[in-house]
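Start at 1 and go down the list; that is how both ligands and their atoms are numbered. These values consider heavy atoms only, across backbone and side chains, with no hydrogens, waters or symmetry-generated copies.
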Amino acid sequence: MAVEEKHISSAVIRRLPRYYRYLGELLDSGVERISSNELSERMKVTASQIRQDLNNFGGFGQQGYGYNVEYLHKEISKILGIDTSHNMIIVGAGNLGQAIAGYADFEKRGFIVKGIFDINPELTGHSIRGINVKMFYEMEDFVKNNDIEIAALTIPKESAVEVANILVKAGIKAIWNFAHTDLNLPKDIIVENVHLSESLMRLSYNIASRNKDKK
Ligand code: NAI
């Protein structure tokens, strides 16, 4: 069965970027093949979990050989859709927007920042990694004319819904939403919400429960 025809659980999808990262590191250090047991030791995931996860995509492994690192890395990149590039814009050139725009490594994964937009005229002419900040009123046409698939929303939550609707009208396919609000967009628009504070709260929970165990 072709990968795209099969339903893959979101738990597996969540683990794939981590496999991708580890396999990338192995590739960089010249490792050509690896057994699920070795991968399991490095990743602190059980070998059976790894086999189960990768079996979703036809396995890729061979009995007695293990996994071909380069092949598996490439196949996972195809599954994650990062074997092709995606044009992206950032809306909101404040602290967070500028930090994301300044992080060149996203481009290695195929996410190409084509434009950065803000409503603050003082930011006109400001440039991040050679990308000039443009004014918000230019955004709609820019999305339409530059094959932009993804918009990162790094603006206050008060204007996020309105801006998201403009982006949808302009033909955006996906929103990487950092604003602390739900966007409720049409079903065909992919939304990935990112909340660093939630991650920090999980960390805090783990500190609290460890402290409780010690008492
Ligand atoms: P900031 O105040 O430094 O930047 C916000 C920028 O958005 C400003 O330059 C402002 O002029 C611009 N802006 C406001 N309304 C706009 C609109 N309608 N269109 C285009 N640009 C607009 O704030 P910061 O620190 O960069 O945070 C941005 C947002 O991200 C905030 O809502 C904050 O709560 C959120 N945030 C979310 C995190 C997460 O993990 N989800 C982490 C950090 C911040």
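Looking at P156 against ligand 1, both its backbone and its side chain come within 4.0 Å, counting heavy atoms. The parts of N95 lying near ligand 1 are both backbone and side chain, judged by heavy-atom distances below 4.0 Å. In Q98, neither the side chain nor the backbone holds a heavy atom less than 4.0 Å from any atom of ligand 1. In V194, the part holding a heavy atom less than 4.0 Å from any atom of ligand 1 is the backbone.
Considering backbone and side-chain atoms together, L96 places an N or O closer than 3.5 Å to an N or O of ligand 1.
Ranking the protein heavy atoms by distance from atom 9 (O) of ligand 1 puts D118 OD2, 2.7 Å first. The protein atom (non-hydrogen) at minimum distance from atom 35 (C) of ligand 1 is F178 O, 3.7 Å. Protein heavy atom at the shortest distance from atom 40 (O) of ligand 1 is L196 N, 2.6 Å. Atom 28 (C) of ligand 1 has its closest protein heavy atom at T154 O, 3.5 Å. Ranking protein heavy atoms by distance to atom 19 (N) of ligand 1, first place goes to F136 CD1, 3.5 Å. The protein non-hydrogen atom at the shortest distance from atom 32 (O) of ligand 1 is I155 O, 3.0 Å.
In this structure, R15 pairs ionically with D53, as a charged nitrogen and a carboxylate oxygen lie closer than 4.0 Å. The pair R33-E70 does not meet the salt-bridge criterion, since no charged nitrogen lies less than 4.0 angstrom from a carboxylate oxygen.
By the 30° and 60° cut-offs, the orientation of the rings of W176 relative to F106 is perpendicular.
A heavy-atom distance below 4.5 Å is not found between the side chains of H73 and Y19.
For the pair T154 (side chain) and G92 (backbone), a donor-acceptor distance under 3.5 Å is present.
The presence of a protein heavy atom under 4.0 Å from atom 2 (O) of ligand 1 is ruled out.
Ring centroid separation for the pair F117 and F142 comes in under the 6.0 Å cut-off.
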